[in-house]
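Working notes for the structure below.
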Amino acid sequence: DMDATALAEKLRRLEVSSLEAANAYIAHIQKVNPRVNCMVEDRFEEVCREAQRADAKLREGKAEGRLFGVPVSIKESYDVAGMKTTGGLPYRSKLTAEEDAEVVRRVKAEGAVILGKTNTPVLCFCLETNNKLYGRTNNPWNLSRTAGGSSGGEAALIAAGGAAVGVGSDIGGSIRMPSHFNGVGGFKCGKKQVPGAGHLPD
């Protein structure tokens, strides 16, 4: 139930470990994702190793960054090194990003650990989240309803308690609409305030 700020503070105070937080989110995602279909690619093994390293730095007083040790989720449209960026297109299902999108690099620089990537409509061009590669993301409050789009996977995951915070993208409502549909807070920055490098589509 904690947001990223509250969790980051508990991590700094050593009241919760990053590994405990990661394991709690992983267990919850595994429980809800078969019905909600919000996370389409996970990195659970990697995030546990990263969380252990973060815990060691926290104990040594060497933690740096406002999200240090906090597990976060990333919209599928952003490149994450070693993960797929398909845009929901089957022909891109074997393509793996070699480097992080600029936004992802900055989130990692703040110390966050990435749980996985969340669903999006084809090339983010729809206000509901469905594609031929990963299928439809459902609203966790009512599985017969839409999660919205295009950051529908993000909003549904956060509404279901699968991450403290996540990264989406928005031009015409792609964060704001699914946030409204799922009952979570979503923020769209001003134009050109966040670099778009490493996002599909450009």
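Listed here is the closest heavy atom pair of L115 and A163: CD1-CB, 4.1 Å. The shortest heavy-atom contact between I175 and S151 is CG1-OG, 3.8 Å. Of all non-hydrogen atoms in G166 and E154, the two that sit nearest each other are CA-OE1, 3.0 Å. Minimum heavy-atom separation, D55 to S18: OD1-N, 2.6 Å. Taking every heavy atom of both residues into account, A159 and W141 meet most closely at CB-NE1, 3.9 Å. Considering all non-hydrogen atoms of both residues, P201 and F125 come closest at CG-CZ, 4.1 Å.
Atom CG of N23 sits about 4.5 Å away from atom SG of C48, to the nearest 0.5 Å. Atom CE of residue M83 and atom NZ of residue K117 lie 6.0 Å apart, to the nearest 0.5 angstrom. The distance from the CE atom of M177 to the OG1 atom of T146 is 9.5 Å, given to the nearest 0.5 Å. Atoms CG and CG, on L95 and L89 in that order, are 10.0 Å from each other to the nearest 0.5 Å. Distance NZ/K10 to CZ/R12: 12.0 Å, rounded to 0.5 Å. Atoms SG and CG, from C38 and N33 in turn, are 4.5 Å apart once rounded to the nearest 0.5 Å.
Using a cut-off of 4.0 Å between Lys/Arg side-chain N and Asp/Glu carboxylate O, R43 and E50 are scored as salt-bridged. Ion pairing of R66 with E110 is present here, as a side-chain N (NZ or NE/NH1/NH2) and a carboxylate O approach within less than 4.0 Å. A salt bridge does not link K57 to E60: none of the charged nitrogens lies less than 4.0 Å from a carboxylate oxygen.
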* To do: Check the pair S169 / H199 against side-chain contact (heavy atoms from CB on, under 4.5 Å), numbers first and verdict last.
  => CA-CA 9 Å; S169 59; H199 185 277; 2.8 Å; yes
* Kindly indicate, with the supporting measurements, whether the criterion side-chain contact (heavy atoms from CB on, under 4.5 Å) is fulfilled by L14 and L58. => CA-CA 7 Å; L14 303 180; L58 284 160; 3.9 Å; yes
* Asked: What's the verdict on side-chain contact (heavy atoms from CB on, under 4.5 Å) for N139 and S144, showing C-alpha distance, side-chain angles and the deciding distance?
  -> CA-CA 7 Å; N139 190 307; S144 70; over 6 Å; no
* **Audit row: V72, V167, side-chain contact (heavy atoms from CB on, under 4.5 Å) steps and yes/no** => CA-CA 8 Å; V72 305; V167 178; 5.7 Å; no
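Partner of D170 under the salt bridge (Lys or Arg N to Asp or Glu O under 4.0 Å) criterion, out of K75, K191, R176: R176 alone. Applying side chain to side chain donor-acceptor pair (under 3.5 Å) to E76 and the options T118, T86, T85 leaves one that passes, T86.
In this structure, E98 places its CD atom where only 12 or fewer heavy-atom neighbours from other residues, nucleotides or ligands lie under 6.0 Å away. For I171, the CD1 atom sits in a loose shell: 12 or fewer heavy atoms of surrounding residues, nucleotides or ligands are nearer than 6.0 Å. Other residues, nucleotides and ligands contribute only 12 or fewer heavy atoms inside 6.0 Å of the CZ atom of R145. Other residues, nucleotides and ligands place no more than 12 heavy atoms under 6.0 Å from the CD atom of E99.
For N138 and R136, the side-chain atoms include at least one donor-acceptor pair closer than 3.5 Å. Between the side chains of K188 and S174, no donor-acceptor pair is found at a separation under 3.5 Å. Defined by atom type and a distance below 3.5 Å, a donor-acceptor pair is missing between the side-chain atoms of T137 and T129.
Residues L200 and C124 form no side-chain contact, since every pair of their non-hydrogen atoms from C-beta on lies 4.5 Å or further apart. Counting heavy atoms from C-beta outward, I74 and V104 have side chains that approach closer than 4.5 Å. Contact check for R106 versus P195: side-chain heavy atoms found under the 4.5 Å cut-off. Within the 4.5 Å cutoff, the side chain of V70 has no heavy atoms near those of the V113 side chain. A 4.5 Å side-chain heavy-atom check between I29 and F44 finds at least one atom pair inside the cut-off. Annotation: side chain of F68 is not in contact with side chain of L11 (no heavy-atom distance under 4.5 Å). Residues K84 and R92 have side chains not in contact (no heavy-atom distance under 4.5 Å, counting atoms from C-beta outward). In this structure the side chain of D100 never reaches within 4.5 angstrom of the side chain of V107, judged on heavy atoms.
Between the Y78 side chain and the E102 main chain, no donor and acceptor come within less than 3.5 Å of each other. For the pair E9 (side chain) and A6 (backbone), a donor-acceptor distance under 3.5 Å is absent. The backbone N or O of T120 lies less than 3.5 Å from a partner atom in the side chain of N131, making a donor-acceptor pair. Side chain of N119 to main chain of N130: no donor-acceptor pair is present (N/O by atom type, distance under 3.5 Å, no hydrogens or angles).
Residues V40 and L133 fall within the same hydrophobic cluster, defined by Ile, Leu, Val, Met, Phe, Trp and Tyr side chains chained together at heavy-atom separations under 4.5 Å. Neither Y134 nor L157 shares a network with the other; the hydrophobic side chains, linked directly or stepwise wherever heavy atoms of I, L, V, M, F, W or Y lie under 4.5 Å apart, form separate groups for each. Under a hydrophobic-cluster definition in which Ile, Leu, Val, Met, Phe, Trp and Tyr are linked whenever side-chain heavy atoms come within less than 4.5 Å, directly or via other members, M39 and V32 are assigned to different clusters. Criterion: ILVMFWY side-chain heavy atoms under 4.5 Å apart, direct or through other members. Under it, I26 and L7 are part of a common hydrophobic cluster. Hydrophobic clustering (ILVMFWY, side-chain heavy atoms < 4.5 Å, transitive): V194 and F187 are in distinct clusters.
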